[in-house]
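Reading through the structure tokens given below for one structure.
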Amino acid sequence: MVAIKLKDGGQREYPEGISLLQVAEDISNKLAKNTVVARFNGQLRDLHTEVTEDGTLELLDFDNPEARVVYRHSSSHVMAQAVQRLWPGTQLAIGPAIDKGFYYDFESPHTFTPDDFKAIEEEMLKIIKADYPIIKKELSREDALSFFRDRKEQYKVELIEDLPVDAVISTYQQGEFIDLCAGPHLPSTGRLKAVKLMSLAGAYWRGSEANQMLQRIYATSFPKKSLLDDYLHKLEEAKRRDHRRLGRELGLFVVLDEGPGFPFFMPKGMILRNELEKFWREEHARAGYHEIRTPIILNREMWEQSGHWDHYKENMYFTVIDETDYAIKPMNCPGGMLAYKQTIHSYRDLPLRMGEMGLVHRHEMSGVLHGLMRVRAFTQDDAHIFMLPDQIIDEIKGVIELVDRFYTLFGFPYHVEVSTKPEKAMGSDEMWDIATEALKQALDEKGMKYRINEGDGAFYGPKIDFHLQDSLDRTWQCGTIQLDFQMPEKFDLTYVGEDGEKHRPAMIHRVIYGSIERFIGILTEHFAGAFPSWLAPVQVRVLPITDRSHEYARQVVEELKAEGIRAEADLRSEKTGYKIREGQMQKIPYLLIVGDKEVEAGTVSVRHRREGDLGPAALKDFKILLRSEIEEKLNR
RNA sequence: GCCGAUGUGGCUCAGUGGCAGAGCAGCUGAUUCGUAAUCAGCAGGUCGGCGGUUCAAAUCCGCCCAUCGGCUCCA
């Protein structure tokens with residue numbers, strides 16, 4: 001007999017060799033049916049696992065994130081099975097679960113198209129209906145290799161060859177389909193319910209451009225049709241928040257074929273942008289920054305000196321002036337270095353924080369351009385901080401605080417990554433270790449959680465990256481802090497120390513918004529275009545009900561403008577409902593409806609874009625309300 | 001850059017070899033209206049570009065450009 005302790009504290013006895021599924025069934029049929037995978041003595045196990053020792057058992061259903069991964073992983077096997085049935089000769093690469101579903105990478109003589117989706121889904125449903133048990137089998141490395149060689153699954157062979165010597169190698173079988181897999185899996189294919197193929201993509205084997213490109217099919221699955229429908233509905237909702245759509249609809253910005261990756265900012269987008277810059281300047285002045293502006297174009301010699309000519313050339317644009325090579329800046333740092341050098345600095349001047357809203361151009365590969373999120377010309381809210389070595393930690397902490405102040409104001413959740421030395425890098429390993437440790441120490445002291453992103457640092461130093469999410473939960477790097485011992489060296493930066501000798505300052509590059517363009521993209525999606533009043537391009541629109549109130553409407557607009565409020569009137573000969581609809585669709589924070597009653601009483605009827613009709617108010621009171629909302633940067 | 005899909009008026013889209021269409025937006029006129037769409041009329045497109053097949057191409061073929069979804073790369 002074995003003793004099994006349950007999550008609720010109860011304990012039951014069973015004959016040795018009973019499966020976890022049978023235990024679940026013994027507790028409740030419904031529970032057994034909903035259970036995806038078990039955690040037995042802390043380890044995720046297939047429900048077919050036979051119990052041979054005492055232990056604690058937890059039964060996980062689809063709501064559990066780990067179980068969800070198992071559910072999707074089994075789904076990917078079923079999809080692969082369907083694909084191999086329909087297109088024999090298709091080779092399997094890998095098929096993991098991902099955040100919202102799963103994918104499988106194939107190599108096939110057949111080129112998959114979305115027209116194939118229906119057939120694949122139907123075949124998957126057959127496999128689900130057949131309810132094949134999913135059976136695990138462990139085998140030796142030799143057996144595994146010969147098995148997959150016989151099946152002409154070269155990717156599986158390669159995977160096995162790369163497994164550590166002591167790895168337990170297992171396969172999972174359902175019907176005629178057998179895949180190399182560590183598991184765990186669902187007990188049978190019938191556990192799947194709603195499956196949907198989403199999209200196709202090319203993907204390099206093992207993520208490397210040097211390798212074969214495979215065909216990836218993205219899909220998702222749920223234990224209930226209603227959950228799938230909810231998910232698809234949410235995707236549709238998210239698309240409505242897409243900054244590319246809203247940017248056009250709200251007259252903020254647009255990217256045209258005439259300038260791929262070079263966005264146009266329209267008048268309303270400029271208001272947003274200018275407000276963001278204004279806020280930035282206020283905050284940075286308060287945090288002790290000076291602002292500079294350096295040239296867009298600088299000569300080749302300087303880019304050679306900075307190392308960009310050697311390390312960043314493929315991303316740069318070039319020009320020739322008077323038969324001399326010049327480059328358009330892809331980063332602001334070299335200009336910042338030259339600016340630093342214009343005066344002799346004492347240790348007393350440090351830390352010296354020099355900010356720059358710098359427009360940089362980078363040649364990005366055509367396939368990566370994406371609205372405002374990924375462009376070829378963007379403005380970095382850059383700053384370079386020159387400091388004494390013992391000021392590094394405090395300065396980094398100061399930037400972390402500033403980033404947090406900004407992101408919190410906008411209500412953005414974010415996550416942090418530390419990127420370490422890349423392959424193409426300048427400087428010694430020792431320098432990199434010191435710099436990387438400094439970044440980690442600052443984060444630790446601020447109590448921030450972070451992930452390590454190996455090999456993803458800039459060529460001149462390691463960095464802390466702050467990532468924000470877009471409406472489809474894709475994440476984009478915005479803020480970053482990069483510690484750099486290289487540039488000060490390259491440009492021979494010095495300060496005069498207490499000893500009267502010249503010393504080398506330490507330096508960090510940092511951005512808060514990251515790129516104003518990307519930040520505006522994120523901001524647009526985050527607020528679904530309904531920006532807080534302080535950012536809203538139009539803060540108030542006055543809607544006269546008839547021509548009789550036009551004069552009054554104009555007066556109201558003038559009074560608001562006199563207070564610095566962005567107001568306009570809709571004097572078209574339309575019904576009130578029509579004007580309100582348009583105002584709502586433009587996401588204007590406040591609509592003021594004025595008719596005979598308001599003219600008579602000298603009031604305005606206030607309508608808030610989310611709260612609706614707030615009733616009449618004296619114009620004076622409305623102004624006070626809105627002014628404070630703007631000044632406090634409230635998100636109402 | 002690579003894989004796949006897409007490209008028709010300002011926007012959303014219909015049109016699969018035989019006279020380029022609809023709705024919204026725009027303009028003009030009428031309507032003077034109270035919290036998410038008043039009515040009527042008008043105007044607007046060398047169907048992404050170039051080349052080819054054909055009596056005839058938005059439609060079929062080729063190349064290019066751009067966009068979308070990924071991969072790779074990075075704010």
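The sequence lines fix the lettering, A, B, ..., with proteins before strands; numbering per chain opens at 1. Note that this is a predicted model, so its numbers are computed, not measured.
- For U35(B), neither phosphate oxygen OP1 nor OP2 lies less than 4.0 angstrom from any side-chain nitrogen or oxygen of R581(A).
- With both pairing distances under 3.5 Å, C63(B) is matched to G49(B) as a Watson-Crick or G-U wobble pair.
- For T294(A) and K329(A), the side-chain atoms include at least one donor-acceptor pair closer than 3.5 Å.
- Here the side chain of L369(A) is nearest to one of A66(B), U67(B), G34(B), namely U67(B).
- Side-chain rings of W87(A) and F106(A) stay apart, their centers remaining 6.0 Å or farther from each other.
- Using a 4.0 Å heavy-atom distance criterion, A203(A) is classed as a sugar-phosphate-only contact.
- Counting non-hydrogen atoms under 4.0 angstrom, G367(A) reaches a base of the nucleic acid.
- Here the separation of C60(B) from C24(B), taken at their C1' atoms, is 33 Å to the nearest Å.
- Between the side chains of T420(A) and E454(A), at least one donor N or O sits under 3.5 Å from an acceptor N or O.
- Residue R572(A) is in sugar-phosphate contact alone, with no base atom involved, counting any heavy-atom pair closer than 4.0 Å across all strands shown.
- A straight line from CG of D470(A) to P of C68(B) spans 13 Å, rounded to a whole angstrom.
- Going from atom CG of L439(A) over to atom CD1 of I396(A) covers 4.5 Å, rounded to the nearest 0.5 Å.
- Taking a pair to require two hydrogen-bonding distances under 3.5 Å in either a Watson-Crick or a G-U wobble arrangement, C2(B) pairs with G70(B).
- For Y218(A) and G4(B), a side-chain-to-base donor-acceptor distance below 3.5 Å is absent, hydrogens and geometry of angles not being considered.
- Taking atom CZ on F378(A) and atom C1' on C74(B), their separation rounds to 8 Å, with Å as the unit.
- Residue L372(A) contributes atom CG, which lies 17 Å from atom P of A75(B) at whole-angstrom precision.
- Remark: C39(B) base-pairs with G29(B); criterion is Watson-Crick or G-U wobble with both hydrogen-bond distances under 3.5 Å.
- Distance from the side chain of R362(A) is smallest to A75(B) among G34(B), G4(B), A75(B).
- Rounded to whole Å, the separation between the P atoms of C39(B) and G34(B) comes to 16 Å.
- The base of G34(B) is paired with the side chain of E598(A) by a donor and an acceptor separated by under 3.5 Å.
- Per the geometry, CD belonging to Q215(A) stands 17 Å off C1' belonging to U72(B), to the nearest Å.
- In this model, the phosphate group of G69(B) is not approached by any side-chain N or O of R216(A) to a distance below 4.0 Å at OP1 or OP2.
- Contacts of V368(A) with the nucleic acid, taken as non-hydrogen atoms under 4.0 Å apart, include base atoms.
- Under a 3.5 Å cut-off, the side chain of R566(A) and the backbone N or O of Q539(A) do not form any donor-acceptor pair.
- The C1' atoms of C65(B) and G49(B) are separated by 7 Å, rounded to the nearest whole Å.
- Using N1 to N3 plus N6-O4 or O6-N4 for Watson-Crick, or N1-O2 and O6-N3 for G-U wobble, each under 3.5 Å, U16(B) pairs with nothing.
- Ring-centre distance between H73(A) and F102(A): not below the 6.0 Å cut-off.
- Residue Q482(A) places at least one side-chain N or O closer than 4.0 Å to OP1 or OP2 of A75(B).
- Between the C1' atoms of G10(B) and G4(B), the separation comes to 29 Å (whole Å).
- Judged by centroid separation below 5.5 Å and plane tilt below 30°, F112(A) does not stack onto the base of G4(B).
- With C1' as the reference atom, G48(B) and U6(B) are 11 Å apart, rounded to whole Å.
- Taking atom OH on Y103(A) and atom C1' on G69(B), their separation rounds to 15 Å, with Å as the unit.
- Note: F412(A) and F519(A) meet the aromatic proximity criterion, with ring centroids under 6.0 Å apart.
- Note on Y578(A): every side-chain N or O is 4.0 Å or more away from OP1 and OP2 of C39(B).
- Listed pair R474(A) / G69(B) meets the phosphate criterion, a side-chain N or O lying under 4.0 Å from OP1 or OP2.
- Residues Y414(A) and H467(A) keep their aromatic ring centres 6.0 Å or farther apart.
- Counting non-hydrogen atoms under 4.0 angstrom, D596(A) reaches a base of the nucleic acid.
- Residue V375(A) is classed as a base contact, given a heavy-atom separation below 4.0 Å to a base.
- For G23(B), the paired base is C11(B) (Watson-Crick or G-U wobble, both distances below 3.5 Å).
- Annotation: U16(B) and A66(B) have their C1' atoms spaced 24 Å apart (nearest Å).
- For A75(B), the OP1/OP2 oxygens have no side-chain nitrogen or oxygen of R510(A) closer than 4.0 Å.
- An OP1 or OP2 oxygen of A75(B) is reached within less than 4.0 angstrom by a side-chain nitrogen or oxygen of K463(A).
- For the OP1/OP2 pair of A36(B) and a distance below 4.0 Å, the side-chain nitrogens and oxygens of Q584(A) include no atom meeting the criterion.
- If you check distances only, the side chain of R206(A) never reaches the base of C71(B) with a donor-acceptor pair under 3.5 Å.
- Nucleotides U59(B) and C50(B) are separated by 12 Å at their P atoms, to the nearest Å.
- Regarding I588(A), its CD1 atom lies at a distance of 14 Å from the C1' atom of U35(B), rounded to whole Å.
- Taking atom C1' in both C13(B) and G51(B), one finds a spacing of 29 Å when rounded to whole Å.
- Between R374(A) and G70(B) there is no side-chain N or O to OP1 or OP2 distance below 4.0 Å.
- Listed pair H370(A) / G69(B) meets the phosphate criterion, a side-chain N or O lying under 4.0 Å from OP1 or OP2.
- Residue E582(A) is out of contact with every strand shown, counting any heavy-atom pair closer than 4.0 Å.
- Within the 4.0 Å cut-off from OP1 or OP2 of G1(B), at least one side-chain nitrogen or oxygen of S366(A) is found.
- Both distances falling under 3.5 Å, in either a Watson-Crick or a G-U wobble arrangement, occur for no nucleotide opposite A57(B).
- Looking only at atom types and distance, the side chain of E158(A) has a donor-acceptor partner in the side chain of W205(A) under 3.5 Å away.
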